[in-house]
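For ligands, and for the atoms within them, numbers begin at 1 and follow the listed sequence. Positions are given from 1, in the same order as the sequence printed here.
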Amino acid sequence: MKITLFGTQPYDKESFERIRDAYGFDICYHRSHLNANNVALARGSDAVCIFVNDTADAETIRQLADLNVKLIALRCAGFNNVDLNAAARYGIPVVRVPAYSPHAVAEHAVALMLALNRKVHRAYWRTRDGNFSLHGLLGFDMYGKTAGIVGTGKIARELIRILKGFGMTVVAYDPYPDRRYAAEAGITYVSLDELYSRADIISLHCPLTDRTRYMIGDVAISHMKPGVILINTGRGQLIHTEALIDGLKEKKIGAAGLDVYEEEADYFYEDTSDRIMDDDVLARLLSFNNVIVTSHQGFFTREALDNIAHTTLQNISDFSERRELVNEVRAEPENAVVK
Ligand code: NAI
């Protein structure tokens, strides 16, 4: 079995190479992200392995089918970057890693909340410069506040467990509410509008679909509590970034912690410090002292990298040896993405 791994970073190669021999696969690593212009790199491969910023749109998938690639193995949970309808049309199954460490992402969301609430990022620079003033660093007790969680899947449930530990009230929205879980966890499902109007901190943990794209725009922001902290570790396009910038300028949004950004593919995971930033929206975001942008690193723990490598190679092995599609994702009305 030959696999072409796109978007490879040194840490990806390290974690895959550690266990590759156990599977006997031949893996070819490429730095570039898969897109319609570089499909040829996959020539001779049985499977391609891609991550969040690779693009498997209809044209890319058509070319993969021409090369007789038999499987697309996502080494991530989200699959919004794959045209599942096209994959079905060309008969290329898609598998993913549904959960590599919900703890990693949930804990990163908490890191963003706490840093923004207590202004740790600002305090860090101040004290290094001999400025020990507390002016502007006032935060609030998490205890007794209300968190609004959008989506109550694996990551959200880990986050909710932690936030309940702080003594927070949790309200949540999910189109498929799990009432039993809610009763056990001590949370309340509410409508999105009620969540927006009640939450002191809002955290997004739903997939990017046609329904959720730009769900946080002018209208949603207008319903939020003044000073709300907004956290996005889901996908960049859940938030209309220009609306967020307006909300920050009007001080409606108190702070934003963004591990994802709608145009992240051009920047995230790369050192672009030698370049002049040509994305004015990202540049404006980075200019706020109450915004923290991290480079889609929520997943980035040792445990998660090990799980990603194991599950990905196991998915490929199940397919190659038994034609079993463990962890397959298929086009369904609610997750089909229109490109
Ligand atoms: P999951 O599949 O366990 O949970 C997603 C939940 O969202 C489900 O309960 C589902 O019913 C709900 N949902 C579906 N449509 C919704 C809608 N319109 N509004 C509100 N909720 C909706 O997924 P998991 O593992 O918890 O991951 C959540 C998201 O986090 C992924 O889709 C991915 O985009 C993102 N993610 C980010 C990572 C990072 O490094 N920042 C790493 C892994 C995932």
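Judged purely by atom type and a 3.5 angstrom limit, Asp54 uses its side chain to pair as donor or acceptor with the backbone of Leu34. Side-chain N or O atoms of Asn232 include one that pairs as donor or acceptor with a backbone N or O of Arg235 at under 3.5 Å. With Asp306 contributing its side chain and Glu303 its backbone, the two residues share no donor-acceptor pair below 3.5 Å. No donor-acceptor distance shorter than 3.5 angstrom exists from the side chain of Asn315 to the backbone of Leu325, with no hydrogens or angles considered.
Heavy-atom proximity to Asp259, at under 4.0 Å, picks out these atoms of ligand 1: 39 (C), 40 (O), 41 (N). Those atoms of ligand 1 that come under 4.0 Å of a heavy atom in Val150, given as number and element, are 20 (C). Listed by atom number, the atoms of ligand 1 under 4.0 Å from Gly298 heavy atoms are 40 (O). Set against the non-hydrogen atoms of Gly151, the atoms of ligand 1 under 4.0 Å away are 7 (O), 20 (C), 21 (N). Against a heavy-atom cut-off of under 4.0 Å, Thr152 is close to the following atoms of ligand 1: 9 (O).
At a 4.0 Å cut-off, at least one heavy atom of Asp174 sits close enough to ligand 1 to count as contact. Within the 4.0 Å heavy-atom cutoff, Pro102 does not count among the residues contacting ligand 1.
Taking only nitrogen or oxygen atoms, main chain and side chain alike, Phe299 reaches within less than 3.5 Å of ligand 1. For the pair Tyr100 and ligand 1, the shortest N or O to N or O distance does not fall below 3.5 Å. For ligand 1, none of its N or O atoms has an N or O atom of Gln297 under 3.5 Å away. Between Thr212 and ligand 1, a contact under 3.5 Å exists for no N or O pair. Considering backbone and side-chain N/O atoms, Tyr176 never comes within less than 3.5 Å of an N/O atom of ligand 1. Ligand 1 has a nitrogen or oxygen under 3.5 angstrom from a nitrogen or oxygen of Ile155.
For the pair Arg323 and Phe319, the cation-pi test (distance below 6.0 Å, angle within 45°) is passed. A cation-pi arrangement, defined by a distance under 6.0 Å to the six-membered ring centre and an angle within 45 degrees of its axis, is absent between Arg20 and Tyr23.
In summary, Arg31 and Glu270 engage in a salt bridge, as defined by a charged side-chain N under 4.0 Å from a carboxylate O.
Of the listed residues (Thr233, Ile149, Val105), the one carrying the non-hydrogen atom nearest atom 37 (C) of ligand 1 is Thr233. With atom 36 (N) of ligand 1 as the reference point, the heavy atom nearest to it among His205, Arg235, Arg213, Arg157 is part of Arg235. Around atom 22 (C) of ligand 1, the closest heavy atom drawn from Pro175, Gly153, Ser101 belongs to Pro175.
Glu242 is linked by a side chain to side chain donor-acceptor pair (under 3.5 Å) to nothing, counting only residues two or more places apart in sequence or in another chain.
Taking the six-membered ring where the residue is Trp, the centroids of Phe25 and Phe16 are separated by 6.0 Å or more.
Under the 30°/60° scheme for interplanar angles, the aromatic rings of Tyr269 and Phe51 are found to be tilted.
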